[in-house]
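Chain naming here is simple, since letters A, B, ... match the order of the sequence lines and numbering starts at 1 in each.
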Amino acid sequence: MNFGILLWVALLLPLAGCGICLLLRRPERILSFVCFVVVCTGIVDVITAGVVFSKNTIFTCGGWFYVDALSAYHLIVMALVFCLSSIYGRHYFDKEIIEGVFTVKTARRYGALWLASLATMTLVLVSNNLGIMWVGMETTTLVTAFLICIRKDKASIEGMWKYLIICSVGIAFAFMGTLFVAASTYKLHDSFSGGILWTQLRTVAGSLDSKLMRIGFIFIFVGYGTKAGLSPMHTWLPDAHSEAPSPVSAIFSGFMLNAALYCIMRYTSLIGLVPGNTNLSRDLFLVFGTLSIIVAAAFIISQHSLKRLLAYHSVEHLGIIAIGMGMGPLGIFAALFHTLNHSICKSLGFFCAGRLGKIYGSYDMRGMTGALKLSPVWGGGLLGSLFALIGIAPFALFMSEFLIVKAAISKNLIWVLVIFIAGSCVIFAAALKHSINVVYGKPPMPDFKPQRTSFADTGIVVFSLGVLLVLGLWMPDSLNEILYRAANIIEATGTVVSIVK
Amino acid sequence: MHNTAGIIMTFLVLTNFMLLGFSRLSACIRIVALQGIAIGFLPVLLNNWNFEMHLVLFSIAIIGLKGIVFPLMLNKTLRELTTQHEVEPFIGYGISLIAGMAVFLTCMWLSSRFPFPAVMSPMVIPVAFFTIMSGLFLIISRKKALTQVLGYLVMENGIYVFGTSIAAKQPLVVELGILLDVFVAVFVMDIAIFHISREFEHTDVDKLDKLKG
């Protein structure tokens, strides 16, 4: 049976939804419709991933679409983040709809762009042609730009402009890199035809021009690294994340950064096979990763805005994932595991921050006290997600960070380990101080009554925290197998030893 | 044939220097449009005046987009803005020109050191790099949002020259996808400038400084 049709469905379903969004006449209906389409697409994504893991890789459309374990894993993460965010987004705008700020026009724009960003991110994951992958990545920048300024006030327009310019230039660099990679095939023109397909490049990686590949990989790393929010190219990230509506912040942090990193992972698996470049990706990952952790720690200490705090946490965690990527088989395994944990945890963080921000009317943590009393669900969710983010023990993020430490020790990368631990300790202390202030303490309004939360909202919080807790205590064999196979694709030179906890 | 490529490359270098030295935004838009038309001839030219169907179509698409659609779009935006000039850039025009000179020489030197596959004209690679660097320089050193968009376009032009000259021939779909992306990017930036000017009553990006820390 040909499973290629699944990929077409996953791509075209959101696009079709995009068009239908523009025809609907009520904001509530548009938001419900978005949920419906995203959940359907999510189911298709998960089925696709299931096929890949149980049978074989999907290879279709003349080799232009290709899904292997690595992209299937990311498809699952994407489906999860998008489903949660869409369900959360269904009631996020309730107040604005009543006030008449969130009009049908706004809702249509929001719904169409939301579904379009799902389609483009899917395109990034399923395309085998590295040029098309680039097209997908650049399109995510363009469609998500206007999701940031749904509100159209000064701050959000500023955040949008910075995001647009910095990421466009960054992605242009990635394009340069892609061209270099394409040029590095010039020695084998006779036997090599038809675009730059990843699968094809992988089979001939040994005879690519090593100098051009080296320059190309550096361009690609810096380019996609800009979109992934690695320091020092992260400067757009806190502005865009803090100004976007919370569901959008959640997909930014929860999946868009991962998608950019996924592109780098694809090239990592190539560059390792090119003679003379075996250590290049490791060095770049370690340098940019440690730098991200240091920068994030510096900005988290003096942060007052809750959403900016979460945004800098993203820089930190992408840094952690990057150093994991630079630490050989065990590190890559841990890094992939960390992407899942971080995505769930960070989406939850933004969900809670968004709703609490609406209750308090601002994101300034100095004024947001007593969240747990004011809204047990969102306050509790925020406490849980912040605790998980700073790496407190039973949560899954602790486990993946622990694996990274283990990988660092086994690889004898003491300087990275020292920076990682020191940065984490600083962030631990600073974020703990912030979060205790926000969660406990006395609410600023004296005559408060605890906010009611709907069943769906409670469900999102309980589900996310539950998953983080379960994965921290016990890793299912199937997930272990998935991560193991995905890591094997990135680690081209050696094989990842299965990790049994 | 070498001569024609050489003429286009020389034209690119000259227009880059003009962009670095001009302050009238409408003139800059026109120069970028001319650049777009000039590089539109490259796909046909670099394939030995090969008038294959898809090359010709691609050339027409580039010339139409970069030479006609973008300038019309940007000019329309410019008319709605309050200022028509780049006022007091971070780096003055004289210094910009000198910096451009230095960058040009560096690009010449750098590209002589890389093992690029044989290209049509020895000028192509250094000029492509110089165009990319000029675009980046415009983005960094100027204050108006519109100039940043122009810088982005110049940078794209440079990357495009680089791509057509060194990369193995790509399938048409990929190239069209890339072109479409550039189009949408400029379109989106154009709308963004409109929102900036309406909300802030200016388009000075250095005054977009509320978000920090």
task: Kindly determine whether Val169(A) and Ile139(B) satisfy side-chain contact (heavy atoms from CB on, under 4.5 Å), including the steps that lead there.
output: CA-CA 9 Å; Val169(A) 172; Ile139(B) 294 175; 3.6 Å; yes

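- With a 4.5 angstrom heavy-atom cutoff, Leu180(B) does not touch chain A via any of its atoms.
- Taken to the nearest 0.5 Å, the CH2 atom of Trp236(A) stands 13.5 Å off from the CG atom of Leu211(B).
- Contacts of Lys152(A) with chain B are made by both backbone and side-chain atoms, with heavy-atom separations under 4.5 Å.
- The nearest pair of heavy atoms linking Glu199(B) to Ile157(A) is CB-CD1, 3.9 Å.
- For the side-chain contact (heavy atoms from CB on, under 4.5 Å) with Ser168(A), the lone residue among Gln148(B), Met189(B), Met155(B) that qualifies is Met189(B).
- Between Lys154(A) and Lys210(B) the shortest side-chain heavy-atom distance does not fall below 4.5 Å.
- A 4.5 Å side-chain heavy-atom check between Phe187(B) and Leu142(A) finds every atom pair outside the cut-off.
- Looking at Val205(B), only its side chain comes within 4.5 Å of chain A, counting heavy atoms on both sides.
- Ring centroid separation for the pair Phe162(B) and Phe180(A) comes in under the 6.0 Å cut-off.
- Note on Ile191(B), Asp181(B), Asp209(B): by heavy-atom pairs under 4.5 Å with chain A, the leading option is Asp181(B).
- Using a 4.5 Å cut-off on side-chain heavy atoms (C-beta onward), Phe175(A) and Val182(B) make no contact.
- Contacts between Tyr160(B) and chain A at a heavy-atom distance below 4.5 Å are absent for every atom of the residue.
- Across Ala192(B) and Leu164(A), no two heavy atoms sit closer than the pair CB-CD2, 4.2 Å.
- Taking CD1 of Ile178(B) as the start and CD1 of Ile132(A) as the end, the distance is 7.5 Å to the nearest 0.5 Å.
- The environment of Met133(B) atom CE is sparse: at most 12 non-hydrogen atoms of other residues, nucleotides or ligands sit within 6.0 angstrom.
- Of the atoms belonging to Ile215(A), it is side-chain heavy atoms, and not backbone ones, that fall under 4.5 Å from chain B.
- The number of heavy-atom neighbours closer than 6.0 Å to CD of Glu80(B), taken from other residues, nucleotides and ligands shown, is above 12.
- No other option in Gln303(A), Glu138(A), Glu158(A) has as many heavy-atom pairs under 4.5 Å with chain B as Glu158(A).
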